[in-house]
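Read through the structure below, which is laid out as structure tokens, and then see the notes.
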Amino acid sequence: MRVTRSRWRTAAGLVLTGVMLFPVYWMVNVSFTREQDMRRSPPSLLPLDGTLDGYRSVLDQQLPYLGVSVIVGLGTVALTLLVATPAGYALGKLHPRGGGLLSFLLLIAQMIPGIIMAMGFYAVFLNVGVLNTIPGLIVADSTLAVPFAVLIFTAFMSGIPEELLQAARVDGAGALRTFWSVVLPVSRNSVITVSLFAFLWAWSDFVFASTLDQGGAHQPITLGIYHYIGNNNQQWNAIMATAVIASIPAAVLLVIAQRYVAAGVTSGAVKH
């Protein structure tokens, strides 16, 4: 009975996995499909008469957008870590006055819709002259990542043994040296987790990009894909080819960092 139940669960898991992965398969399939075959009925499940025109369009037109997305993603990671690591250390270990209120406000900040934040940023960036710029996008995208990052770092760093920090102080290390030489190396899993999520949020952002950088000379890949879509012209194989290429960095990062992410997200959930 248990063996039969286990087989049914395995079969159900495989079916659900197939259903969830089918859009990814169809994206790859359409990326190789010729324009004249796009409206074939019934559609072809395999690109038997495939073409690389979509991928040629990516190489000819989309590489600058990909480069901008990489720069924005890495800049968002750097700014997020710069702000969130000391904030998480302060909330987790130094226990400043009002720390509980600040943690609550960070939770509230994650519930604010992105479009509302985008409109606020638009007015501010227009006045300070950073509209349609890469630094402006980095700052905007960081506002999504910083609250999450601070909470992750707070949970992780609060679990660092106090004896470890006391030993550093006995050796003559000040607060900054202790943070840099002891706390950060120990917090590797949480740093990788925050870096991954910050990069992915910036990589997939469309709301901030379309609001704050739509008319700029340097636009991310989300806007690059959007440029293929018009009222009378929709280059679906180029759209899907761009989506496939844009998905590769995220997939590779997730595979490489998955064990660090699991440890970083769950750390601090259980008190030792």
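What you see is a predicted model; the values in this text were computed from it and never measured.
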List the steps, then state whether side-chain contact (heavy atoms from CB on, under 4.5 Å) holds for Ile221 with Gln62.
CA-CA 7 Å; Ile221 189 61; Gln62 296 294 323; 3.3 Å; yes
Thr211 and Met119: CA distance, side-chain angles, deciding distance, side-chain contact (heavy atoms from CB on, under 4.5 Å) verdict
CA-CA 7 Å; Thr211 305; Met119 297 309 297; 4.2 Å; yes
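Every pair passing side chain to side chain donor-acceptor pair (under 3.5 Å) that includes a residue from residues 65-86 is listed here, sequence neighbours excluded: Tyr65-His227. Legend: side chain to side chain donor-acceptor pair (under 3.5 Å) pairs involving residues 171-184, not counting sequence neighbours, sorted by first then second residue: Arg177-Ser181.
Taking OH of Tyr122 as the reference point, atom CG of Leu131 lies at 5.5 Å (rounded to 0.5 Å). Here CE of Met117 is found 9.5 Å from CG of Asp141. Values are rounded to the nearest 0.5 Å. Between the CD1 atom of Ile152 and the CG atom of Asn189 there is a distance of 11.5 Å, given to the nearest 0.5 Å.
The aromatic rings of Phe22 and Trp26 lie parallel to each other, their planes meeting at an angle below 30°, with 60° marking the opposite boundary. Using a 30° and 60° split on the angle between ring planes, Phe148 and Phe197 fall in the tilted class, from 30° to 60°.
Between Asp53 and Arg34 the shortest side-chain heavy-atom distance does not fall below 4.5 Å. Residues Phe32 and Asn237 are not in side-chain contact: their nearest non-hydrogen atoms beyond the backbone lie 4.5 Å or more apart. Side-chain contact check for Leu91 versus Ser103: some heavy-atom pair is nearer than 4.5 Å. Leu66 is listed as a side-chain neighbour of Ile245, based on a closest heavy-atom distance under 4.5 Å.
The salt bridge (charged side-chain N to carboxylate O under 4.0 Å, His left out) check on Glu162 picks up Lys93, Arg169, with sequence neighbours excluded. Legend: residues meeting ring pair (Phe, Tyr, Trp, His ring centres under 6.0 Å) with Phe121, ordered by chain and number and at least two apart, are Phe125, Phe208. For Phe206, the ring pair (Phe, Tyr, Trp, His ring centres under 6.0 Å) partners at least two apart in sequence or on another chain are Tyr226. Not counting sequence neighbours, the partners of Ser195 by the side-chain contact (heavy atoms from CB on, under 4.5 Å) test are Val77, Leu81, Val191.
The two residues Val186 and Leu164 make their nearest non-hydrogen contact at CG2-CD2, 3.9 Å. Across all non-hydrogen atoms, the minimal contact from Ile160 to Ser187 is CD1-OG, 3.9 Å.
Hydrophobic cluster membership differs between Val130 and Leu82, with clusters built from Ile, Leu, Val, Met, Phe, Trp and Tyr side chains linked at under 4.5 angstrom. A single hydrophobic cluster is seen to contain both Val70 and Val244, as judged by linkage of ILVMFWY side chains at heavy-atom distances under 4.5 Å, directly or through other members. Clustering ILVMFWY residues whenever any of their side-chain heavy atoms sit less than 4.5 angstrom apart, transitively, puts Leu94 in a cluster other than the one holding Leu151. Both Met27 and Leu200 are part of a single hydrophobic cluster, where members link through side-chain heavy atoms under 4.5 Å apart. Clustering ILVMFWY residues whenever any of their side-chain heavy atoms sit less than 4.5 angstrom apart, transitively, puts Leu196 in the very cluster that holds Ile248.
Of the possible polar contacts, none joining the Trp203 side chain to the Ala198 backbone as a donor-acceptor pair under 3.5 Å is found.
A distance of 6.0 Å or more separates the ring centres of Tyr89 and Phe153.
Of the candidates Asp213, Asp205, Val72, Asp213 is the only one forming a side chain to side chain contact (heavy atoms under 4.5 Å, CB included) with Pro220.
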